[in-house]
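First listed ligand is number 1; within each ligand, the first listed atom is number 1. Heavy atoms only: backbone and side chains are in, while hydrogens, waters and symmetry mates are out.
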Amino acid sequence: MATQRMLKFVNTRREMPEKRLADARAQDFDEIYREFAEAKAAEQAGRCSQCGVPYCQSHCPLHNNIPDWLRMTAEGRLEEAYAISQATNTFPEICGRICPQDRLCEGNCVIEKSGHGTVTIGAVEKYITDTAWERGWVVPGTPISERAESVGIIGGGPGGLAAADVLRRQGIQVTVYDRHDRAGGLLTYGIPGFKLEKHIVMRRVKQLEEAGVQFVLNCNVGTDISFDAIRGQHDAVLIATGVYKARELTGPGAGTPGLVPALAYLTASNRQSFGDDVPEFDSGELNAAGKRVVVIGGGDTAMDCVRTAIRQGATSVKCLYRRDRANMPGSQRETQNAEEEGVEFVWLTAPRGFTGTDHVEGVMVQTMRLGPPDVSGRQAPEVIEGGDYVEPADLVITALGFEPEDLPEQWNAADLATTRWGTVKADFRSHATNIPGVYAVGDIVRGASLVVWAIRDGREAAASILDYLVAPAAVAAE
Ligand SMILES: Cc1cc2nc3c(=O)[nH]c(=O)nc-3n(C[C@H](O)[C@H](O)[C@H](O)COP(=O)(O)OP(=O)(O)OC[C@H]3O[C@@H](n4cnc5c(N)ncnc54)[C@H](O)[C@@H]3O)c2cc1C
Ligand code: SF4
């Protein structure tokens, strides 16, 4: 019976959920993919070949039991599919939407390797959990009994929230501190709604609150409360603060008004979508409407900026990247979506400087070619002399990546060990830092990474914290 519903990859072609037409989706910040209908989800899940050694699972950072939940979906056993899926992933509907599946699970699907097109793992994962929400199967993780031990989590992004969920389910008193007015980290204020609608994140935060997690928002640790005070108030502390220091441009005109950092731009847009009062958006400073926009960078943040600018009504949007398409760090799927929406990519170009005095008027562009590979094996870009030109621009958004803030300095915590890149030093399995009872996860340890890795770190750190606070046998016995 089971095999009859599976192994359909030879005769059933791969299909993603319907994608809204580019013209329509450029008008709003709604997600661009529609949901699978039940029959289509079952059909697509049934393409899985149920490999003995599932490479999709080993390349998923959470080691999700993908073949099992695909099989349950193909057999119409959705509640069981959900139970298996949520056992390893705190936020499956979020990962299903925004994991770069082509580099993780789907990129290693065996039927993809045999030329049949990967199983649409992410879309099915999203479908299972969206259905679970609709049918009331996703319930708050309220513990059966309370414990006295308390944990302070600094940072309410996916790493911090995943840890909060695991700890709270075990009855630990959990407080999440965040400097923003809403929890969710980059899920809330970085990633735009067309990839991840905000109500998806907010309903998770609400459920954590319902389970008894305390949120202390608008609280910048190091300014509004000291790190020492947090350590004094809790039995263990988790640092999950992400990386926020934007890499800056150099060169003539680099400080000209009209040059804005990507995260300030995306945050303003996300706040606007929440209906907040955003003076920098209203003044036009962080609003692309009616402007010629140039975005500098080739990663996922740059992709989010160009597509946001299209939706805000920019007259033109160009993306400058110093390597070519094959060598860009951003997802190919997102690049294609951006092109469909009207973004022009100008490969092998980099800014030399900027024109304009009171406000930016153009980008001095230098053209590049790819030279021999560097020590990392990547071809290094080289300037083509005499190839410069000026690209007119009214708004330039810089998306060159992020670095960690100097936590030991900002938190007056010289004893907190960091790496030479400024990330917090933590054991890769236990996530313990050098300070007893203090753990660290997510981007502040890994450098700018992915949501799914932050979730994994958060879950693992929570298990280590439980070991530290509570005898493991006592937890298991409950
Ligand atoms: C624009 C953009 C798009 C992205 N798109 C994707 C994507 O499509 N898929 C994907 O997998 N990943 C994506 N990422 C990466 C992903 O968002 C991060 O890897 C992930 O959010 C890291 O989680 P985290 O919990 O470590 O940190 P964060 O999500 O950054 O959360 C950290 C939290 O800590 C808070 N904080 C920081 N310092 C303090 C302090 N001193 N006091 C109190 N609170 C503090 C912050 O306010 C924030 O809420 C994207 C990143 C960006 C910038
Ligand atoms: S969590 Fe991400 S990598 Fe893992 S199965 Fe889901 S979409 Fe794939």
Backbone or side chain, does any N or O of [X] fall under 3.5 Å from an N or O of ligand 1?
X	result
L450	yes
I191	no
I154	no
E405	no
V451	yes

Under 3.5 Å side-chain donor-acceptor pair for [X] and [Y]:
X	Y	value
D457	Y439	no
Q272	N287	no
Q332	D102	no

If you measure from the Lys or Arg side-chain nitrogens to the Asp or Glu carboxylate oxygens, is any gap between R14 and E106 under 4.0 Å?
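Salt bridge flag = yes for E106 with R14.
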
Taking the basic N atoms (NZ, or NE/NH1/NH2) and the acidic carboxylate oxygens, is any pair closer than 4.0 Å for E31 and R20?
no

How about atom 4 (Fe) of ligand 2, which protein N, O or S atoms come within less than 2.8 Å?
C60 SG

Nearest option to atom 25 (O) of ligand 1, as decided by whichever heavy atom of G401, C95, G159 sits closest
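Closest candidate by heavy-atom distance is G159.
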
Heavy atoms only: which of T308, T301, N270 is nearest to atom 2 (C) of ligand 1?
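Result: the heavy atom closest to atom 2 (C) of ligand 1 is in T301.
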
Whether [X] lies under 4.0 Å from ligand 1, heavy atom:
X	result
C219	yes
P158	yes
Y189	no

Under 6.0 Å from the ring centre and within 45 degrees of the ring axis: does the NZ or CZ of R135 meet both conditions for the six-membered ring of Y82?
no

Flag, side chain of T433 to backbone of V438, donor-acceptor distance under 3.5 Å:
yes

Strictly distance-based, threshold 3.5 Å: is any side-chain N or O of R97 a donor or acceptor partner for the main-chain N or O of E93?
yes

Protein contact of [atom] - nearest heavy atom, named by residue and atom, plus distance:
atom	answer
atom 35 (C) of ligand 1	D178 OD2, 3.3 Å
atom 27 (O) of ligand 1	G242 CA, 3.6 Å
atom 18 (C) of ligand 1	D443 OD2, 3.3 Å
atom 29 (O) of ligand 1	L186 N, 3.0 Å
atom 7 (C) of ligand 1	I98 O, 3.5 Å
atom 15 (C) of ligand 1	S449 O, 3.3 Å
atom 31 (O) of ligand 1	G157 CA, 3.4 Å
atom 37 (C) of ligand 1	T241 O, 3.1 Å

The atoms of ligand 1 lying under 4.0 Å from a heavy atom of L266, numbered in the order shown, are 1 (C)

The atoms of ligand 1 lying under 4.0 Å from a heavy atom of Y244, numbered in the order shown, are 28 (P), 30 (O), 31 (O), 32 (C), 46 (C), 48 (C)

When you compare the side chain of R271 with that of F281, does any pair of heavy atoms fall below 4.5 Å?
no

Locate the shortest heavy-atom distance separating D130 from R203; write the atom from each residue and the value.
OD1-NH2, 3.5 Å

